[in-house]
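Remarks on the structure that follows.
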Amino acid sequence: MWSLLQIELYKISRRPRTYIAFAAIAAIVLIFQVAFKADGQSYMNLMLQNVQDNFEIDRNKAINGYFMCYIILNTLLVQVPILVALVAGDAISGEANMGTLRLMLCKPISRTQVLMVKFLASFIFTIILLLWMAFMALFLSMLIFGTNDMLIFRVKGDESQILQITADDILWRYIAAFLYAAVALTVIAALSILLSVFAENSIGPIVATVCIVIFFTIVSNINVPVIDRNVKPWLFTSYLVGWKGFFYIGTNADGQPLKGSLENWESIRNSLNILIAHIIVFLGIAIVVFKRKDILS
Amino acid sequence: MLKKSISLIFFLNMIIAYAHAQTIDKLMSEVRKKMALIKDYQATGTMKTSVSFLKIPAEPMTMYYKAPDKLSIKTSNGLSFVPKGAVNLNINKLIADKTFTVIDAGTDRIAGKMVRLVKLLPLDDKNEIILSTVYIDPVEKLILKSRTTTKQNGTFELEMSYGKYVNWGLPDKIVFIFNTKDYKLPKGITFDFDDGTAKSAAQAGVDKSKGQAELTFSQYVVNKGVEEKFFK
């Protein structure tokens, strides 16, 4: 199993498309950092709006490494599923396309093992991608912009809120958020592998995964009450942004943030469970279909 | 006979009004005298801001004052939201300003204590302040509360509690109540995680048009000099 995994990782590392993801993340993060270094004040003015009429706020302190990472992740974690699909969508269908799948399955290894190894390799790729993202978006931003307390701008129901998290209460939230993102992106990897089982070339499952993610994300963000109530809970994309829950700090009765607290841990835990259930279901279906599949290529 | 009685009543009223005016002028003069003892101070403490849309922690702060009208609040190295009208915490400026007409508005009670109400009206039409009502403890010569209406920034209130530094006329706690504008972010730009708490977020009875900053002072350093750099 370990040798198989090494082979799979070697194959992923030899594909040029693997590096597209790393290059894309680096490019997006650097663009963000340059733009905010040059004119982050405009963004802060937009977010703070008329709060500035009532309060004096040092906007230079507000644009810091922690804040930058949050803004970048907010944008990137919508796009990263596409990058994960680029690799995971190719897992089975790529072998079928090259005609190596039948050859591979002639070896004394079970189809379940083959599929699990493909999944594990995609999972490791996802983790490395997230580590790269953490380095670029968090550590590089901390280096460029420094650190300070962090502001979270949020729409909660009909209310808009500004939450402040003190600098010494942030890093653990990022660690938790990245771990959550790893689970969320693994759902995408599992979905891509499932679709990959049905296809004979890589393009189909990659495009299908991307289309499903985009369609579900749009539906998740329509913000129409009837959809929010009846459709949103059934879409896994609604839970992909659950990492933000780690930045929704709990408050006391006076509205003062409580250090080290979460506003709603139960909701994050439920979202996490739903995502893990999706991984199990997608992988389960993929194994069942793959085991019964008549491999012709 | 009737004419004489009316004239007498009118005359007596004039005397009473004059005497009352003198009393309130005397009280104001005594308050000013007490305030004049303070040339400068540096006060350390904490600031707790309560605004419906802001969830920010209480933070340590230092307030600097230099007579007659310099006042600034500096917080720790973290991010801080200092209410812009905080400069109005300097009630001394208002009281010391002789370009206001002082009107005796009778008496009231604050926490069971009888207080004198003084209304201050600016003589100059261009003054930012429209009207200020000051509640003065006539015994201790202390300002316990003030409500000021301005042209640009609405109405703000100050409530002062005194303790250790009562002899200097310096409060242990100031509650600054000010007007706030509603804060609304457009939906969809923040891609929020719906954690199911939105429904419970609606806080019944919360006045969204008012904000409050509570400044609690633990220590004052009085008349020891304050550097100019703190007011920049």
Side-chain angles (χ1 to χ4, degrees), chain A residues 46-58 61-62 64 74-75 77-78 148-167 217 220-223 228 232 238-239 241-245 248-249 251 254-259 263-264 266-268 270-271, chain B residues 46-60 72-87 152-154 156 176 178-203 206 208-214:
Chain A
L46 170 77
M47 298 310 275
L48 287 169
Q49 298 174 30
N50 48 24
V51 177
Q52 294 176 100
D53 295 344
N54 293 117
F55 295 93
E56 278 174 21
I57 310 150
D58 190 342
K61 281 184 184 174
N64 57 59
N74 201 21
T75 313
L77 286 179
V78 180
N148 210 312
D149 296 353
M150 181 177 167
L151 295 181
I152 302 291
F153 299 94
R154 173 195 187 189
V155 178
K156 182 179 177 182
D158 294 328
E159 286 182 352
S160 297
Q161 289 183 344
I162 301 173
L163 313 175
Q164 185 179 341
I165 307 174
T166 51
T217 304
S220 301
N221 286 288
I222 283 178
N223 286 319
D228 282 356
K232 214 171 154 180
S238 307
Y239 307 100
V241 288
W243 62 273
K244 290 187 172 185
Y248 297 163
I249 189 168
T251 54
D254 293 337
Q256 310 285 311
L258 298 168
K259 199 173 153 185
E263 184 184 63
N264 195 346
E266 283 75 24
S267 175
I268 300 169
N270 290 343
S271 301
Chain B
T46 53
M47 181 168 69
K48 193 171 99 177
T49 309
S50 308
V51 179
S52 65
F53 59 81
L54 267 184
K55 310 292 175 197
I56 55 176
E59 58 184 329
S72 78
I73 295 174
K74 306 280 180 201
T75 53
S76 58
N77 287 329
L79 264 177
S80 60
F81 287 73
V82 179
K84 273 195 172 164
V87 71
Q152 301 285 331
N153 300 312
F156 58 86
F176 175 52
F178 50 93
N179 288 15
T180 56
K181 290 175 185 168
D182 196 15
Y183 178 65
K184 269 267 181 274
L185 281 171
K187 270 193 173 183
I189 67 162
T190 47
F191 293 111
D192 290 293
F193 171 53
D194 182 3
D195 63 1
T197 54
K199 281 173 193 163
S200 58
Q203 296 166 299
V206 172
K208 290 182 182 175
S209 64
K210 294 273 183 204
Q212 183 177 302
E214 199 177 291

With only heavy atoms counted, which part of Thr49(B) is less than 4.5 Å from chain A, the side chain, the backbone, both or neither? both
Portion of Ala62(A) that has a non-hydrogen atom of chain B nearer than 4.5 angstrom: both
Is there a donor-acceptor pair under 3.5 Å between the side chain of Gln164(A) and the backbone N or O of Lys55(B)? no
Any sub-3.5 Å donor-acceptor pair from Asn54(A)'s side-chain atoms to Asn179(B)'s backbone N or O? yes
Contact class of Asn148(A) relative to chain B, heavy atoms under 4.5 angstrom: side chain
To the nearest 0.5 Å, atom CD1 of Ile162(A) lies from atom CG of Leu79(B) at 11.0 Å
Test side-chain hydrogen bond (donor to acceptor under 3.5 Å, both in side chains) applied to Thr180(B) - qualifying residues, sequence neighbours left out: none
To the closest 0.5 Å, what do you measure between CD (Glu56(A)) and OG (Ser80(B))? 8.5 Å
Which bit of Lys259(A) comes within less than 4.5 Å of chain B, counting heavy atoms only: side chain, backbone, both or neither? neither
Go through the structure and list residues passing ring pair (Phe, Tyr, Trp, His ring centres under 6.0 Å) with Phe178(B), not counting sequence neighbours. Phe55(A), Phe176(B)
Out of Thr251(A), Asp53(A), Thr75(A), Asp58(A), which one racks up the most heavy-atom pairs below 4.5 Å with chain B? Asp53(A)
Take Phe81(B) and Leu151(A) through the side chain to side chain contact (heavy atoms under 4.5 Å, CB included) test and state the conclusion after the steps. CA-CA 11 Å; Phe81(B) 287 73; Leu151(A) 295 181; 3.8 Å; yes
Exercise: identify the closest heavy-atom pair between Pro57(B) and Thr166(A): CG-CG2, 4.0 Å
Please lay out, stage by stage, how Ser160(A) and Tyr183(B) fare under the test side chain to side chain contact (heavy atoms under 4.5 Å, CB included). CA-CA 6 Å; Ser160(A) 297; Tyr183(B) 178 65; 3.7 Å; yes
Rounded to the nearest 0.5 Å, what's the gap from NZ on Lys61(A) to OG1 on Thr75(B)? Could you check? 5.5 Å
